[in-house]
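Structure first, then comments.
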Amino acid sequence: MSQIESKWAYTKGLHDDGSWGWSNAGLISDSGESMLVDTLFDLRLTQEMLDEMRRAEPAAARIGAVVNTHSNGDHTFGNRLVEGTEFIASRACAEEMSHDLGDPRRLADMAHGVDPSTELGAYMAEIFKSFDFAGVGYVPAPTITFEGQLERRVGNKTVRLIQVGPAHTRGDVLAFVPEDRVMFTGDMLFINGHPIIWAGPVGNWIKACQLMLDLDLETIVPGHGPITGKSGVAAVKGYLEYIAKEARRRYDAGMGIFEAAQDISLTDYSSWGDAERIVLNVAALYKEFSGGKRPQAGPPPDLFAMMARLHASRRR
Ligand SMILES: [Zn+2]
């Protein structure tokens, strides 16, 4: 029996602009079994989500497996609350989770360790103000990893996990439920907000969008923003194609990252939130254009400082 719950996504944190850290998670359930797709950015948010899921769907009382679509903390930091279940991720995601900002303590340092009277500190405080990274403690690692595709059953339903990264991160995975024509995309889709290219190449991301457009899908749950359909996929694909072309032109002209990020017109995307993310996207594209050899900017804190500057300048 096909159940409506599988089409239901937890959207308490939903912001129309798909802003920093406000991610979506989903529950797939059938015949008393359930699978969770992603957890949220801290334990409090994840616990509230689990409580609400359990009120709506008895099968959620015993979650059999968790899929982490990718390594970012807003999709993994709540894992501890479902410890003891299977954690499934791509191998690249599992590797990435154990590094850098996959570690909640490092994210806590980065988010809250900057003097809030500075432009960067004020920006970090603003975008991360709603989350408690220090309380996360640790993040249980994936127990099952795969490359390419993995098929699992939840009751009588099939869940096809399709690795499409590296793109947004190094190991992005889509979770497709063919019987329901539902897909959970993780951050391969941001709806009404600017997507972030952390890893690239952008070509893989565009291909993943094309795959979504080619599959028989009705309901698409993005990593951030409201539930969408194929028009949402087409919008993200169009955005990526556009910024890749615009960034290439400026790279060839020798323009720097910040200058290019300021120069690329985002008029067609003025209704999307977090426009300063263009800094991260230009940096990732420049790195790709240079074959990854020529560092065009420093580590993430430098890029966050550029985003803070762009964010502040656009407000003035
Ligand atoms: Zn996310």
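Indexing begins at 1, ligand by ligand and atom by atom, following the structure's order. Bear in mind the structure is a predicted one, so any value in this text is a computation, not a measurement.
For F289, the ring-ring contact (aromatic ring centres under 6.0 Å, His included) partners at least two apart in sequence or on another chain are Y251.
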Side chains of residues 164-171: which donor-acceptor pairs under 3.5 Å do they make with residues two or more places apart or in other chains?
residue: H168; atom: ND1; partner: I196; partner atom: O; Å: 2.7
residue: H168; atom: NE2; partner: N72; partner atom: OD1; Å: 2.9
residue: H168; atom: NE2; partner: D187; partner atom: OD2; Å: 3.2
residue: T169; atom: OG1; partner: D172; partner atom: OD1; Å: 2.9

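The aromatic ring centroids of F131 and F77 lie 6.0 Å or more from each other.
Residue pairs meeting the salt bridge (charged side-chain N to carboxylate O under 4.0 Å, His left out) criterion with at least one member in residues 76-94, sequence neighbours excluded, are E86-R152, R91-E147.
Take a cut-off of 2.8 Å around the Zn ion (ligand 1): the protein N, O or S atoms inside it are D74 OD2, H75 NE2, D187 OD2, H224 NE2.
Donor-acceptor pairing under 3.5 Å is recorded for the side chains of D38 and T69.
If you chain together hydrophobic residues whose side chains sit under 4.5 Å apart, I144 and V37 fall into the same group.
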